[in-house]
> 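The structure is given below, and queries will be raised subsequently.
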Amino acid sequence: MKKKTMNLIFLALLLSAIFLCIKYPERISYAAKGAFTRCTDIMIPSMFIFMCLSCIASSSGIIRRAVYPFKFIYRKIFNLDSNGFAIFLLSFISGYPAGIKLIYDALDKKTITKDYADRLSCFCFSSGPAFIYGISSVILPDSSAGLLLFLSVTSGNIITAIISGMRNSVPEPSGAPVRIDKSAGCIVNSVSGAASAILKMCTMIIFFSGITEILKVSGISGCISKMISALTGTEITSVTSYLDTFLEISSIASITVTDYSAIPMTAALFSFGGICVLLQLISISDGRLPVKKFILSRIMSAVFSWISCSILMRIFNFGICIETFTYKFTADRQFSPVPSVFLIIMSLMLISARKGSSHIKK
């Protein structure tokens, strides 16, 4: 009975969304176009190369040897082995999907256990510096804001990793020696895997932008924003932007910062990642991501990032009043989306070729 009721509710929501898409086609399509622009102008240029290099560094095994000099740090402070610490470091520079992808790639290769993968997923998750700097240049005119946000997000993850390590011991070594794979196959497979993850991310961003707009035209988003605004005293426009970002992180580019008091909240949102990213990670991990544990760890990390940002602002006197700075995505922009579109097409061709060769081998 309960399952049947849930199915009916799901059907009703789906039909309502379809009806709103038919009734407000211009608004939905405009939201989708804006999301596509964010992907081609910000997401793909800032994350794709980092993702590829991270996959190559992890798959080749070179990063595990590179972290050996830091053995005392990752074993005594974080209770990690070289493999886990390597993934932890790569997640800082590569962006949201990279850390989780590397974790479950390692799990597929049986170089880590499922319990260890679940633990790593709690803190090997971060927005990359390129993404943070790109967004901060859009919403803040101060060039040092990007560094402040990156340090805050990084601090939140480091604290979360240390707390996670307190209840766990260092994993036993697998016994297999680390071999460096410098073959063309390693590079091609890594680039193909990174392209697949980026494409999943971009399609989900476009989809969630449409869902966000559906919530707005239905009045649901407005009602929730008014309630939160009344409870917290925050301007309703800011609350709406925060809600949009909570659903889909690239919407953070729409936030208008009128004073520096909003920066800690921005750091917390970067650290949490958003519902859209969560669904991407579930897909990338093939449903193996421990969702409840992951969400709790992201909430904890977001709180630590908020606190870290507030402290850093005080230390560096980052509290000078600024003028309202806004940015809108328009047709007149500095970067052309054509290279990103060609990158998407070539990535699809590469993924298809990889699948075709795998099928032939079988």
Side-chain angles (χ1 to χ4, degrees), residues 12-48 96 127 131 134-140 198-229 234-258 262 266 269-270 273-280 324-345 347-348:
L13 291 173
L14 191 61
L15 291 175
S16 299
I18 293 172
F19 170 76
L20 291 171
C21 285
I22 296 171
K23 188 176 181 180
Y24 302 98
E26 292 184 359
R27 290 188 60 173
I28 305 299
S29 61
Y30 183 79
K33 287 178 183 178
F36 181 81
T37 302
R38 290 199 298 273
C39 288
T40 56
D41 285 7
I42 299 176
M43 306 301 291
I44 294 176
S46 68
M47 298 179 70
F48 181 68
Y96 291 117
S127 49
F131 178 57
I135 292 295
S136 64
S137 66
V138 168
I139 63 175
L140 286 165
I198 289 290
L199 288 174
K200 286 181 181 179
M201 179 188 68
C202 289
T203 52
M204 287 298 295
I205 287 173
I206 296 171
F207 171 72
F208 257 79
S209 293
I211 295 298
T212 301
E213 193 63 29
I214 287 172
L215 291 174
K216 288 181 179 179
V217 297
S218 67
I220 296 174
S221 179
C223 290
I224 296 174
S225 297
K226 288 178 181 178
M227 288 174 60
I228 296 176
S229 177
T234 308
E235 292 183 7
I236 192 167
T237 53
S238 297
V239 173
T240 301
S241 296
Y242 293 151
L243 282 177
D244 291 348
T245 305
F246 176 76
L247 290 174
E248 201 287 290
I249 188 62
S250 71
S251 297
I252 202 168
S254 66
I255 292 178
T256 301
V257 179
T258 54
T266 306
L269 289 169
F270 269 124
I275 302 301
C276 178
V277 175
L278 173 61
L279 293 180
Q280 296 169 36
T324 302
F325 183 81
T326 59
Y327 179 89
K328 293 183 179 179
F329 291 100
T330 62
D332 183 20
R333 55 183 182 272
Q334 183 179 358
F335 301 103
S336 169
V338 175
S340 295
V341 172
F342 275 107
L343 177 60
I344 293 172
I345 295 172
S347 298
L348 285 170

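Keep in mind that what you see is a predicted model, and the values were worked out from it rather than measured.
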> Going by heavy atoms in the side chains, are T203 and L199 under 4.5 Å from each other?
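Not in contact.
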> Looking at residues at least two apart in the chain, or sitting in another chain, which of them share a salt bridge (charged side-chain N to carboxylate O under 4.0 Å, His left out) with K200?
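Listed in chain order: nothing, the list is empty.
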> Measuring from atom CD1 of I249 to atom CE of M201, what distance do you get when rounded to the nearest 0.5 angstrom?
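Answer rounded to 0.5 Å: 12.0 Å.
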> In Å and rounded to the nearest 0.5 Å, what is the CD to CG distance from E248 to L279?
11.0 Å
> Could you name each residue pair satisfying side chain to side chain donor-acceptor pair (under 3.5 Å) that touches residues 217-226, not counting sequence neighbours?
S225-T240
> To the nearest 0.5 Å, tell me how far L215 CG sits from D244 CG.
9.0 Å
> Looking only at non-hydrogen atoms, find the nearest pair between V217 and I214 and report the distance.
CG2-O, 3.2 Å
> Does Y242 have any ring pair (Phe, Tyr, Trp, His ring centres under 6.0 Å) partners at least two apart in sequence or in another chain, and if so, which?
none
> For S229, is there any backbone N or O sitting under 3.5 Å from a side-chain donor or acceptor partner on T234?
no
> Could you tell me the separation between the CZ atom of F36 and the SG atom of C202, rounded to the nearest 0.5 Å?
8.5 Å
> Could you give all pairs that pass the salt bridge (charged side-chain N to carboxylate O under 4.0 Å, His left out) test and reach residues 201-211, with sequence neighbours left out?
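Checked against salt bridge (charged side-chain N to carboxylate O under 4.0 Å, His left out) - neighbours excluded - no pair reaches residues 201-211.
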> Just how far is it from atom OG of S241 to atom CD1 of I236, taken to the nearest 0.5 Å?
11.0 Å
> What salt bridge (charged side-chain N to carboxylate O under 4.0 Å, His left out) pairs are there with at least one residue in residues 17-28, not counting sequence neighbours?
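Listed by first then second residue: R27-E213.
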> Which value, rounded to the nearest 0.5 Å, describes the distance between T212 atom OG1 and L247 atom CG?
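It is 4.5 Å, given to the nearest 0.5 Å.
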> Taking all non-hydrogen atoms of both residues into account, name the closest pair between I28 and G210 and its distance.
CD1-O, 4.2 Å
> Taking only residues two or more places apart in sequence, or in another chain, which ones meet F131 in a ring pair (Phe, Tyr, Trp, His ring centres under 6.0 Å)?
F270
> Could you pull out the closest heavy-atom pair between A35 and S209, with the gap in Å?
CB-OG, 3.0 Å
